[in-house]
Protein chains: 2
Amino acid sequence: MDVKTLCLGLLSVREACGYDLKKTFETSFKHFFPAGYGSIYPALADLAAKGLVECEEIPQVGKPDRKVYRITEAGEKAFVSALNSTEPQHKLRSEFLAMIYFADLVDDNRLMEVLDDHVEQLRETVRYIEHQERHSTKSAGASFVAGFGAVVARAAAEYIESHRHMLTDKVAIKASGEELADCKWAANS
Amino acid sequence: MDVKTLCLGLLSVREACGYDLKKTFETSFKHFFPAGYGSIYPALADLAAKGLVECEEIPQVGKPDRKVYRITEAGEKAFVSALNSTEPQHKLRSEFLAMIYFADLVDDNRLMEVLDDHVEQLRETVRYIEHQERHSTKSAGASFVAGFGAVVARAAAEYIESHRHMLTDKVAIKASGEELADCKWAANS
DNA sequence: TTAGGCATGTAAAGTGTTACATGATTTG
DNA sequence: CAAATCATGTAACACTTTACATGCCTAA
């Protein structure tokens, strides 16, 4: 299932232009399926060429014409069939975790910064999703997916906060192997 | 940070051939950074061409010569510099969640199957990581990353199990809108 | 005897990312 | 006055995936 198929799916919910779809990818799909204009516009052109969507150009002043896409019957069928035939993948590609894997080669200050940034990003995701949920009505699927994102992001943030000492305390160990007793976490564990 | 950089990183830990690296990607990196032979072998050739690794060919009978790669000093430097210069991304691309988003268009039996499969996959990930952790000693970074994977997978599995009724109970609602009181979850909420 | 492990790679196709190019209107 | 929003797209590049090609050894 690629960006093209997802655009088709979004158009099965309501008509939209490329710009609108991009916003949906940036909001509802942000935490699990990123896509940029570079994928979306060619996808729409392709769908139109295959007759799966139709396009109406609405003239505007001072802006390019707004091209509103509407799904066709063939498009609906194609989408349902795509949904039911694909074995759904679920792939994480995390440079963040890769970097952490090699934490002993990373500058300590940078490491802490990266950890802080990532936690903040996760917290922001949680806040954002929960705000969204409160202010819009969604399909069961959309709510489930949003909830999933929030729960997973929260779990990730909590893990990082409660285990980061595994990575950052090497500083204390390196600097003063004899003074381990001074480390607060060592006293607690 | 691409597959090439990660190969270099792995070679900074110990020498290995392409086949060995693939196994590491399949085990330690499985849950956060997939890579196949098609990325790994060209990456190694490239690293060697740039002088970041050296290759020793060890003759074998009945198999292609084993090409053992060792990192060079230039390679170590390049890796540390790559680690410290990249803004680490963390991208999920989930066809699974995309499919769930459009759950109302998915065949009910298939939906349940997909849900079951995904939970089982997550549970398997957790089991695998925990087994690994018990039977091998790892760097702080590697342990942190493994723990992260386990915690997040567990949270995901639990979310799916405790919220799947949001998706599957539409059957009951569709079939008998009047009998909502019979739904156990409806009584609790 | 068959499946899986060991071991190498290439080539083409598919997909996505990034940078570029344009420009009026609205909001702070 | 600057920044964000609306609105379109293309072209080059990067990277990964998939399928292909080969073949012995070992354990169940």
Side-chain angles (χ1 to χ4, degrees), chain A residues 1-8 15-27 29-30 32-50 53 55-69 82 86-95 98, chain B residues 1-8 15-27 29-30 32-50 53 55-69 82 86-95 98:
Chain A
M1 212 172 351
D2 51 17
V3 172
K4 184 156 39 174
T5 310
L6 255 6
C7 288
L8 191 56
E15 60 179 44
C17 67
Y19 190 84
D20 297 332
L21 292 178
K22 174 64 161 39
K23 277 197 297 185
T24 304
F25 275 102
E26 269 171 357
T27 54
F29 284 20
K30 193 176 182 214
F32 70 91
F33 215 110
Y37 290 125
S39 327
I40 295 169
Y41 282 119
L44 287 171
D46 228 72
L47 290 169
K50 285 182 179 135
V53 300
C55 175
E56 183 188 355
E57 284 184 56
I58 298 171
Q60 301 195 122
V61 279
K63 304 178 208 182
D65 296 350
R66 184 179 156 93
K67 296 171 104 172
V68 176
Y69 293 89
T86 312
E87 257 357 273
Q89 301 297 306
H90 183 81
K91 277 184 192 163
L92 178 62
R93 186 194 171 92
S94 177
E95 296 180 358
Chain B
M1 211 169 357
D2 51 16
V3 172
K4 184 154 43 173
T5 310
L6 255 7
C7 288
L8 191 58
E15 60 178 43
C17 68
Y19 190 84
D20 297 333
L21 292 179
K22 174 65 159 42
K23 276 195 300 184
T24 303
F25 275 102
E26 270 172 355
T27 55
F29 284 20
K30 192 176 184 218
F32 70 91
F33 214 111
Y37 289 127
S39 325
I40 295 170
Y41 282 119
L44 287 171
D46 227 71
L47 290 170
K50 284 182 180 139
V53 299
C55 175
E56 183 187 355
E57 284 184 55
I58 298 172
Q60 299 194 122
V61 280
K63 305 177 206 180
D65 296 349
R66 185 179 155 91
K67 295 171 103 173
V68 176
Y69 292 89
T86 314
E87 257 357 272
Q89 301 297 304
H90 183 82
K91 279 184 191 163
L92 178 62
R93 187 194 169 91
S94 178
E95 296 180 0

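Here the structure is a predicted model, which means the values were calculated and not measured. Each chain gets a letter, A, B and so on, in the order the sequences are listed, and its residues count up from 1.
- With sequence neighbours excluded, the residues satisfying ring pair (Phe, Tyr, Trp, His ring centres under 6.0 Å) with Phe29(A) are Phe25(A), Phe32(A), Tyr101(B).
- At a threshold of 4.5 Å between non-hydrogen side-chain atoms, the residues Leu21(A) and Leu44(A) count as touching.
- Annotation for Thr86(B) and Met1(B): closest pair CG2-N, 3.9 Å, computed over non-hydrogen atoms.
- The interatomic distance linking Ile58(B) (CD1) with dT8(C) (C1') rounds to 14 Å, in whole Å.
- For Asp46(B) and dT10(C), the CG to C1' distance is 15 Å, given to the nearest whole Å.
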Pairs: protein N or O with nucleotides 3-13 of chain D N or O, under 3.5 Å:
unit_1	atom_1	unit_2	atom_2	d
dC6(D)	OP2	Tyr19(A)	OH	3.0
dC6(D)	O3'	Lys63(A)	NZ	3.4
dA7(D)	OP1	Gln60(A)	OE1	3.0
dA7(D)	OP2	Arg66(A)	NH1	3.1
dT8(D)	OP1	Lys67(A)	N	3.2
dT8(D)	OP2	Tyr19(A)	N	2.8
dT8(D)	OP2	Tyr41(A)	OH	2.7
dT8(D)	O5'	Tyr41(A)	OH	3.3
dG9(D)	OP1	Lys67(A)	NZ	2.3

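- What separates CE of Met1(B) from P of dT17(C) is a distance of 17 Å, to the nearest Å.
- Note that SG of Cys17(A) and NZ of Lys67(A) are 11.0 Å apart. Values are rounded to the nearest 0.5 Å.
- Distance check, rounded to the nearest 0.5 Å: CG of Asp2(A) to CG of Leu8(A) gives 10.0 Å.
- Between the NZ atom of Lys91(B) and the P atom of dT16(D) there is a distance of 12 Å, rounded to whole Å.
- In this structure, CD in Glu95(A) is found 8.0 Å from NZ in Lys91(B), a value given to the nearest 0.5 Å.
- Counted within 6.0 Å of NZ on Lys22(A), heavy atoms from surrounding residues, nucleotides or ligands total more than 12; the atom is thus considered enclosed.
- Taking atom CD of Glu56(B) as the reference point, atom P of dA7(C) lies 14 Å away to the nearest angstrom.
- The interatomic distance linking Glu26(A) (CD) with dT17(C) (P) rounds to 13 Å, in whole Å.
- Partner of Cys7(B) under the side chain to side chain contact (heavy atoms under 4.5 Å, CB included) criterion, chosen from Thr24(B), Leu47(B), Val53(B): Leu47(B).
- Heavy atoms of Val61(A) sit nowhere under 4.0 angstrom from any nucleic acid atom.
- Pro42(A) and Tyr37(A) make their closest contact through CD-O, 3.6 Å (heavy atoms, listed as atom of the first residue, atom of the second, distance).
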Could you list, one pair per line, each protein nitrogen or oxygen that sits under 3.5 Å from a nitrogen or oxygen of nucleotides 26-28 of chain C, together with the distance?
none

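- Under 4.0 angstrom from either OP1 or OP2 of dC15(D) there lies no side-chain N or O belonging to Arg93(A).
- The CZ atom of Phe33(B) sits 10 Å away from the P atom of dC15(D) (whole-angstrom rounding).
- Rounded to an integer number of Å, the gap from Glu95(A) CD to dT17(C) C1' is 13 Å.
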